[in-house]
Amino acid sequence: MRFRALILAGLLPGTLVAETGTELLRTGWEQFRLADFNLAVKTFDRDVTLAGTNSAERAQALYGLAMTWALRRPGEDPAKAVELYRQAIVAAPASETAAWSLLAIARLTHLAATLDDTQDSAAVRQAYQDVIDKFPTQPAGEEAFLFQQAAQLAVPRAGTARPAVTAVEEFLQTHPHSQYRRAAWTLVAHGYQILGEPTHRLSALLQMLQAAKAEALLPVYHAGDYWSIATLAEFECGDFAVAREYYRKLIADYPTDQRIFLAKRELQHMDEVEAGLRP
Amino acid sequence: MKLRQFLRQYSPLLAVAIAYVWSAVAICSYRATQAPPGTTVTLRIGHWQLEPGVREGFDALAAEYRKLHPEVYIVQDAVPESTYSQWLTTQVMGGTASDIIESGGLPGALMLSYYSRYFLPLNNYIGQPNPYNAGTPLAGEPWRNTFKDGMRAGYIEELQSYMAVPLAQFAYRIVYNRDLYHKLTGRTTPPQNYRDFVAVCEQIRAQHDDQGRPYVPIAASSYHIGMWDTTMCEPLTFAAVRKLDFNRDGNVGSDEFYAGIRTHRIGFDFPPFAARFQMLRELTPFVPVGVTGLGRDEAVFLFAQQRSVFITSGTWDAQSLREQARGTFAIGVLNFPPPAKDDPEFGQILEGPVYDHTTAGMPFVITRTCQHPDVALDFLQFLSSQRGNAEFNRHIGWIPSVRGSELPPSLAGYEPHFEGVYGAMPMTLGGDTNVKWQQLLALFLINQIDYPTLTAQYLAFYQDHAPQEFAEMQRNRQRVTIREEQLMAGLRARAMVEDPKQAATTWFRYRQLETDRLLVRDLGPSLLAKLVSDGPVTNAPDPYEITPAALANVRRQLGGNR
């Protein structure tokens with residue numbers, strides 16, 4: 001009997017090992033990443049129980065549990081997820097976890113609206129605004145702002161693009177140290193594309209590239225950025241100096257890129273255009 | 001408890017336990033006996049490359065490496081390609097994978113999850129010099145920059161990480177039977193341009209072997225005919241980039257092609273489109289009858305039996321073709337001959353040499369279960385050093401992936417061209433249009449229908465079905481949102497619990513992916529959808545046409561500089 005019990009105990013992983021909240025959190029997220037959602041739910045559940053009244057740990061465990069119910073497929077339960085997110089916010093209202101939880105609720109609202117093909121609904125805007133109002137300086141708050149403006153830009157109309165561009169430009173002014181400046185300048189550039197203002201769009205793309213290089217902690221491919229800037233400068237702005245600079249950067253930094261032939265042709269083409277315009 | 005009673009009660013469990021212990025001892029002792037004396041580290045490298053020379057290449061480089069590191073012994077797990085995906089899956093899931101593995105053989109989404117779960121990222125190493133490049137022109141250069149493609153083939157966009165080390169490059173060329181070519185044409189120099197090529201094919205086709213069978217100039221099959229189209233004919237359509245590349249990324253997507261057709265900006269009568277199929281029609285008399293029904297091996301057989309002079313080949317097949325010909329006939333390699341500039345039909349249409357879509361391939365990763373990841377990394381650096389990579393590919397007969405590595409003499413003619421034109425006619429949008437196109441193309445290739453009939457029938461079908469397929473494309477984009485959200489959630493959670501130094505990098509990757517894969521993902525497609533919904537236009541400026549306002553600005557600046 002004792003022998004049988006020992007064998008069974010040995011076959012059950014983790015039963016003889018005490019689990020800490022940190023370990024359960026890591027395990028739960030690993031299971032989430034591996035799409036083992038049933039296991040993730042159980043692990044986060046255990047973590048919630050273990051956390052007890054510890055507000056920070058409880059919030060993190062609830063956040064993980066909520067995220068699993070929100071994003072698991074199949075078997076998702078958005079309503080349950082929202083309830084759990086709200087519990088996480090109550091557990092630690094000023095925490096980073098609370099901010100991400102509130103953003104997650106806004107994202108769920110947005111995703112539901114997208115499936116209904118009502119991308120820029122008032123409910124979506126308000127959901128993001130809640131995050132912005134409660135956590136204006138947290139990354140989650142900044143992300144919420146950018147998603148809110150991106151939703152405005154997703155339907156290309158001048159009437160909604162103009163206020164979105166204005167709002168994001170103001171954000172860039174008031175958030176000089178934001179880690180989302182590359183994302184923000186990308187939205188501004190797109191907004192100016194909708195508005196048909198290529199010079200401002202070019203300026204935004206140049207700022208975007210500068211921000212991208214300033215933020216980079218890992219090597220990033222910029223061949224596409226160089227190409228976008230060069231072609232916009234040449235074909236829509238008539239700024240041949242910028243066009244030449246970025247065609248040459250592409251040729252120098254990415255010599256095997258597919259667009260090299262075109263880049264060299266355009267350098268030649270600009271010379272021909274200028275020659276044709278000179279008296 | 002008496003012994004007999006114990007054994008009777010627990011015999012099934014004991015049998016399982018004994019079998020397990022016996023298997024474990026057998027495997028461990030087998031692996032131990034492979035390793036020579038003095039070995040303290042055994043590395044296993046798994047791959048599917050059973051082509052001639054590959055295993056020999058790994059063995060040779062492993063032996064060289066052992067001279068530098070006598071404690072390291074490297075063993076290959078060479079697995080047939082047909083079973084590689086199952087082997088890879090069971091090995092990684094079972095935690096028994098080789099230390100270094102060739103990644104591939106699985107659908108994209110699955111491979112992506114394997115990268116994330118089972119393989120180690122290389123980000124921390126690719127910015128440092130490869131120590132095995134000391135004393136070469138690549139000494140001191142970041143490892144990433146020593147690859148011809150900047151290690152692009154090893155970069156996984158979705159993970160924003162360098163995950164794999166690519167060890168070779170691949171290209172398509174025409175391989176030809178030099179002896180038969182000389183016998184049938186009297187020439188030793190290969191065709192210099194397209195018309196020359198057509199002329200020698202006509203000459204070859206007019207002759208018969210000693211059994212009275214006509215020679216078939218080009219050995220081709222359903223597998224090969226696509227190479228001729230992609231590399232020789234499709235580049236004629238390059239001019240469509242200037243008309244249809246609405247997002248100006250340098251490529252024409254199938255959605256952009258649809259937008260162009262739908263808004264009457266382009267049609268199948270666009271001269272470069274017609275030229276592509278004119279050239280394809282001119283080539284089809286030189287391939288076997290019923291080419292679309294033939295398999296790859298049938299074409300190789302035709303070539304090996306010396307009933308054909310030309311065959312297309314990727315570099316991965318070059319060695320086996322040489323082996324087939326060894327002792328029987330001499331092999332030559334030539335580029336797909338382009339039309340001369342003064343070619344009456346195609347000279348003004350082909351804008352330049354053809355771009356070789358050669359990214360480095362043969363990517364190898366380090367598995368998370370590797371007991372000695374530092375040694376595995378070191379061996380991969382050895383294999384991808386300038387000297388090591390040249391030597392490795394010399395054994396195989398493939399193109400090195402590292403800059404400055406000498407091309408094996410057998411691959412003269414396979415040097416990739418990285419400046420040139422490429423195809424811009426992706427005319428299928430979804431399942432239905434793809435099936436219809438393949439059906440009509442097959443009839444065209446066997447001369448049952450001409451180009452006007454091909455395009456008229458296809459256009460009618462396309463206009464009927466493409467709108468639904470375009471809408472489905474937009475819906476598919478929404479469907480993957482959940483998967484992107486899952487990826488972001490996992491990455492965000494990782495960053496929230498990591499130590500601050502590691503977290504900074506993870507947060508960076510998170511913001512990059514969050515921006516590109518969620519925040520701005522729908523913006524470009526929404527503009528294209530608007531272009532489609534705005535309907536047909538006349539005299540709309542092309543994406544690569546300087547606008548009047550831009551021209552005015554140039555004029556102004558020139559006037560200011562006088």
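In what follows, chains are A, B, ... by sequence order, proteins preceding strands, each numbered from 1.
- Contacts of A:P255 with chain B are made by backbone atoms alone, with heavy-atom separations under 4.5 Å and no side-chain atom involved.
- Aromatic pair B:Y355/A:F261: ring centres not closer than 6.0 Å.
- Looking at B:E485, the atoms closer than 4.5 Å to chain A (heavy atoms on both sides) sit in the backbone and in the side chain alike.
- Panel note: side chain B:Q557, backbone A:G238; a donor-acceptor pair is recorded below 3.5 Å.
- Atom CG of A:L262 and atom CZ of B:R242 lie 5.5 Å apart (nearest 0.5 Å).
- Annotation: the span from B:R248 atom CZ to A:T231 atom OG1 amounts to 4.5 Å, rounded to 0.5 Å.
- By number of non-hydrogen pairs under 4.5 angstrom with chain A, the leading residue of B:I482, B:I126, B:N247 is B:I482.
- Contact annotation: the side chain of B:Y422 approaches that of A:Q258 to within less than 4.5 Å [non-hydrogen atoms, C-beta and beyond].
- Only the side chain of B:T481 comes within contact range of chain A, judged by heavy atoms closer than 4.5 Å.
- Of the residues considered (B:R475, B:K148, B:R492), B:R492 shows the highest number of contacts with chain A, using heavy-atom pairs under 4.5 Å.
- Interface check for chain A: of the options B:D249, B:V241, B:N123, the most heavy-atom pairs under 4.5 Å are formed by B:D249.
- Of the possible donor and acceptor atoms, one in the side chain of B:Q486 sits under 3.5 Å from a partner among the backbone N and O of A:L71.
- Contacts of B:Y114 with chain A are absent, with no heavy-atom separation under 4.5 Å from either backbone or side chain.
- Between chain B and the residues A:E234, A:R107, A:E266, the largest count of heavy-atom pairs under 4.5 Å involves A:R107.
- To the nearest 0.5 Å, atoms CG (A:L111) and CG (B:L518) are separated by 8.0 Å.
- Looking at B:R479, there are no atoms closer than 4.5 Å to chain A (heavy atoms on both sides), in backbone or side chain.
- Of all the listed residues (A:Y254, A:W100, A:Y180), the one sharing the greatest number of non-hydrogen pairs under 4.5 Å with chain B is A:W100.
- Neither the backbone nor the side chain of A:A233 has a heavy atom closer than 4.5 Å to any heavy atom of chain B.
- Heavy-atom pairs under 4.5 Å with chain B peak, among A:E30, A:M270, A:H269, A:R259, at A:R259.
- Salt bridge annotation for B:R511-A:E142: absent, with no cationic side-chain nitrogen under 4.0 angstrom from a carboxylate oxygen.
- Atoms OG1 and CG, on B:T515 and A:L187 in that order, are 8.0 Å from each other to the nearest 0.5 Å.
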- Message: Please determine whether side-chain contact (heavy atoms from CB on, under 4.5 Å) holds for the pair B:V497 and A:L25, giving the CA-CA distance in whole Å, both sets of side-chain angles, and the decisive distance to 0.1 Å.
- Response: CA-CA 9 Å; B:V497 300; A:L25 202 62; 4.1 Å; yes

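- For A:F37, the part sitting under 4.5 Å from any heavy atom of chain B is the side chain, from C-beta outward, and nothing else.
- Using a 4.5 Å cut-off between heavy atoms, B:M488 does not touch chain A at all.
- Around CZ of B:R483, the count of heavy atoms belonging to other residues, nucleotides or ligands within 6.0 Å does not exceed 12.
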- Task: Run the numbers on B:F508 and A:V220 for side-chain contact (heavy atoms from CB on, under 4.5 Å), then give the verdict.
- Result: CA-CA 11 Å; B:F508 169 73; A:V220 176; 3.7 Å; yes

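- B:R117 contributes a side-chain N or O that, together with a main-chain N or O of A:L34, makes up a donor-acceptor pair within less than 3.5 Å.
- Ranked by heavy-atom pairs under 4.5 Å with chain B, the list A:F147, A:W227, A:Y221, A:Y63 is led by A:Y221.
- Of all non-hydrogen atoms in A:A154 and B:S526, the two that sit nearest each other are O-CB, 3.1 Å.
- The residue among A:M67, A:R182, A:E274 with the most heavy atom pairs within less than 4.5 Å of chain B is A:R182.
- Between A:A183 and B:L519, the closest heavy-atom pair is CB-CD2, 3.7 Å.
- In this structure, A:W29 and B:A489 approach most closely via the heavy-atom pair CZ3-O, 3.9 Å.
- Only the backbone of B:P543 comes within less than 4.5 Å of a heavy atom of chain A; no side-chain atom from C-beta onward does.
- Evaluated for a side chain to side chain contact (heavy atoms under 4.5 Å, CB included) with A:F235, the options B:T547, B:D542, B:I546 yield exactly one hit, B:I546.
- For B:K530, the NZ atom is loosely surrounded, since the number of other residues' heavy atoms within 6.0 Å does not exceed 12.
- Contact record, B:L551 with A:V273: CD1-CG1, 3.9 Å, taken as the closest heavy-atom pair.
- To the nearest 0.5 Å, atom CG of residue A:L153 and atom CG of residue B:D522 are 12.0 Å apart.
- For the set A:Q193, A:E143, A:E215, A:Q60, the count of heavy-atom pairs under 4.5 angstrom toward chain B peaks at A:E143.
- Residue B:A529 does not touch chain A at all, counting heavy-atom pairs closer than 4.5 Å.
- Looking at B:R144, the atoms closer than 4.5 Å to chain A (heavy atoms on both sides) all sit in the side chain, from C-beta outward.
- Ranking B:L491, B:L487, B:N251, B:N145 against chain A, the residue ahead of the rest is B:N251, based on heavy-atom pairs under 4.5 Å.
- Annotation: side chain of A:I260 is not in contact with side chain of B:F418 (no heavy-atom distance under 4.5 Å).
- Per-residue heavy-atom pair counts under 4.5 Å with chain A were compared for B:G420, B:G250, B:A504, and the maximum is reached by B:G420.
- Residue B:R494 holds its CZ atom at 10.0 Å from CZ of A:R26, rounded to the nearest 0.5 Å.
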